[in-house]
Amino acid sequence: MSAAFYQDEVKFYVAVDCIILGFNNKELNVLLYKRSFEPMKGQWSLMGGFVKSGESVDEAASRVLTDCTGIEHLFMEQIGAYGDVSRDLGERVISVAYYSLVNMNDFSPEILESHNATWTKISELPDLIFDHNQMINDTLSVLKKKAASRPIGFNLLPEQFTLPQLQTLYEAIYQTLLDKRNFRKKLNAMDILEKLDIKDKKSSKRGAFLYKFNEKKYNKWVEQGFDFSL
């Protein structure tokens, strides 16, 4: 019966687009794929899909993330809605964008191959379809603000990491070099890292000690209000 209330309104599509970010070799990467259907077939795109009947927008984004990564219950957060009338060349489509932070080491080559997907450095982004470049730019702006208000690392780094790896992650997010001494002083003051008795010797013979996050202290900082302005 409720359909009668809106029978004179125009119907259009609702989609979700997922900005899936990973960190590798000192750079942020985003997962892209070559579109396999028209319009703009063969051009680079974010991972996405349409919201299905009986499915919330959040559920649609979660489904797309799981399908594209093979990983369930990924962290995700909404960036915003994109509804320019002419944004999609096919039909009138409003898209809700979400970003997710993942450890690239968790991905299997089979998953990437099945979606014709590839990791692309943020610094080397091609022209993407529709407004997908804008979605990524908006995500990076949000991520910079988030990095100042909550610890970043759980979702992007391996469970064990070096301090140089953590610093280069923040440098990739802020797109600037950070003072090593000030960065480590800030970390030490928060006491959210546990130093391990093993070293990573991939980058030098001397090696660098590995660390891991203390999840309890990490979450406490999030609850109390985090300040990591650099």
Side-chain angles (χ1 to χ4, degrees), residues 10-24 27-104 106-108 110-147 152 155-156 172-173 175:
V10 177
K11 296 181 175 64
F12 47 86
Y13 298 91
V14 178
V16 292
D17 285 298
C18 297
I19 302 95
I20 304 171
L21 295 173
F23 180 68
N24 188 44
E27 289 205 57
L28 283 175
N29 290 251
V30 62
L31 193 62
L32 302 178
Y33 84 107
K34 283 201 171 181
R35 193 169 163 97
S36 60
F37 53 91
E38 297 291 356
M40 307 188 79
K41 181 178 180 181
Q43 298 195 38
W44 289 107
S45 169
L46 291 170
M47 316 301 288
F50 288 100
V51 179
K52 295 182 178 181
S53 177
E55 185 179 54
S56 72
V57 179
D58 282 355
E59 288 169 343
S62 180
R63 169 177 54 81
V64 169
L65 280 172
T66 300
D67 180 57
C68 294
T69 65
I71 308 170
E72 295 185 349
H73 309 301
L74 277 173
F75 165 85
M76 67 177 194
E77 196 162 77
Q78 190 179 121
I79 289 295
Y82 296 77
D84 188 272
V85 174
S86 58
R87 63 171 299 275
D88 192 311
L89 302 181
E91 296 283 353
R92 178 73 200 280
V93 180
I94 292 176
S95 183
V96 183
Y98 290 77
Y99 80 94
S100 183
L101 308 176
V102 302
N103 185 345
M104 291 169 62
D106 291 339
F107 276 73
S108 68
E110 291 78 14
I111 284 289
L112 296 177
E113 185 177 349
S114 66
H115 290 283
N116 195 26
T118 185
W119 287 105
T120 302
K121 295 177 182 178
I122 289 292
S123 60
E124 299 177 359
L125 278 180
D127 289 331
L128 307 180
I129 66 168
F130 310 148
D131 45 14
H132 289 191
N133 284 91
Q134 184 61 50
M135 290 179 181
I136 293 176
N137 289 336
D138 292 345
T139 297
L140 294 176
S141 295
V142 168
L143 196 58
K144 289 177 184 179
K145 295 176 183 178
K146 292 289 184 183
I152 297 289
N155 306 99
L156 288 169
I173 291 171
Q175 295 292 293

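Note that the coordinates shown come from a computational prediction; the quantities given were computed from them, not determined experimentally.
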### Message
Looking at every non-hydrogen atom in both residues, tell me the closest pair between Val102 and Leu156 and how far apart they are.
### Response
O-CD2, 3.6 Å
### Task
Could you go through the side-chain contact (heavy atoms from CB on, under 4.5 Å) check for Tyr82 and Asp138 one step at a time?
CA-CA 11 Å; Tyr82 296 77; Asp138 292 345; 2.6 Å; yes
### Message
Would the distance check show the side chain of Ser62 and the main-chain N or O of Asp58 forming a donor-acceptor pair, the cut-off being under 3.5 Å?
### Response
no
#### Entry: Pairs flagged by ring pair (Phe, Tyr, Trp, His ring centres under 6.0 Å) wherever residues 43-80 is involved - sequence neighbours left out
Tyr13-Phe50, Phe75-Tyr99
### Message
If you apply the rule side-chain contact (heavy atoms from CB on, under 4.5 Å), what do you find for Val30 with Leu46, and how did you get there?
### Response
CA-CA 8 Å; Val30 62; Leu46 291 170; 4.1 Å; yes
With a cut-off of 3.5 Å and sequence neighbours excluded, list every side-chain donor-acceptor pair involving residues 31-39.
{"unit_1": "Arg35", "atom_1": "NE", "unit_2": "Phe37", "atom_2": "O", "d": "3.4"}
{"unit_1": "Arg35", "atom_1": "NE", "unit_2": "Pro39", "atom_2": "O", "d": "2.6"}
{"unit_1": "Glu38", "atom_1": "OE1", "unit_2": "Met40", "atom_2": "N", "d": "3.1"}
{"unit_1": "Glu38", "atom_1": "OE1", "unit_2": "Lys41", "atom_2": "N", "d": "3.4"}

### Message
Please check: side-chain N/O of Ser114 versus main-chain N/O of Ile111, any donor-acceptor pairing under 3.5 Å?
### Response
yes
### Query
Of all heavy-atom pairs between Cys18 and Val64, which one has the smallest distance, and what is that distance?
SG-CG1, 3.9 Å
#### Entry: Residue pair Phe12 / Ile94: nearest heavy atoms and the distance that separates them
CE1-CD1, 3.2 Å
### Query
Can you name the nearest heavy-atom pair linking Ala117 to Met47, along with the distance?
CB-CE, 4.3 Å
### Task
Go through the structure and list residues passing side chain to side chain contact (heavy atoms under 4.5 Å, CB included) with Asp67, not counting sequence neighbours.
His115
Less than 3.5 Å apart, which donor and acceptor atoms pair up between the side chains of residues 118-128 and the rest of the protein, not counting sequence neighbours?
{"unit_1": "Ser123", "atom_1": "OG", "unit_2": "Glu27", "atom_2": "OE1", "d": "2.6"}

### Summary
Rounded to the nearest 0.5 Å, the CD1 atom of Ile129 sits from the CG atom of Leu89 at a distance of 8.5 Å
### Gap between atom CD1 of Ile79 and atom OG1 of Thr139 - 0.5 Å precision
3.5 Å
## Note on the structure
Applying side chain to side chain donor-acceptor pair (under 3.5 Å) to Asp131 and not counting sequence neighbours gives Arg87
### Query
Is a side-chain N or O of Arg92 found less than 3.5 angstrom from the main chain of Gly83, in a donor-acceptor match?
yes
#### Entry: Nearest heavy atoms of Val93 and Ala15, plus distance in Å
CG1-CB, 3.8 Å
### Chi angles and distances behind the side-chain contact (heavy atoms from CB on, under 4.5 Å) call for Glu113, Glu110
CA-CA 5 Å; Glu113 185 177 349; Glu110 291 78 14; 5.5 Å; no
### Query
Side chains of Ile20 and Leu74: closer than 4.5 Å at any heavy-atom pair?
no
### Query
How far apart are the C-alpha atoms of Leu143 and Leu101, what are their side-chain angles, what is the distance that settles it, and do they pass the side-chain contact (heavy atoms from CB on, under 4.5 Å) test?
CA-CA 10 Å; Leu143 196 58; Leu101 308 176; 4.2 Å; yes
### Query
By side chain to side chain donor-acceptor pair (under 3.5 Å), which residues pair with Ser56, not counting sequence neighbours?
Glu59
### Message
Quick check: closest heavy atoms across Met135 and Asp17, and the distance to 0.1 Å?
### Response
CE-OD2, 3.6 Å
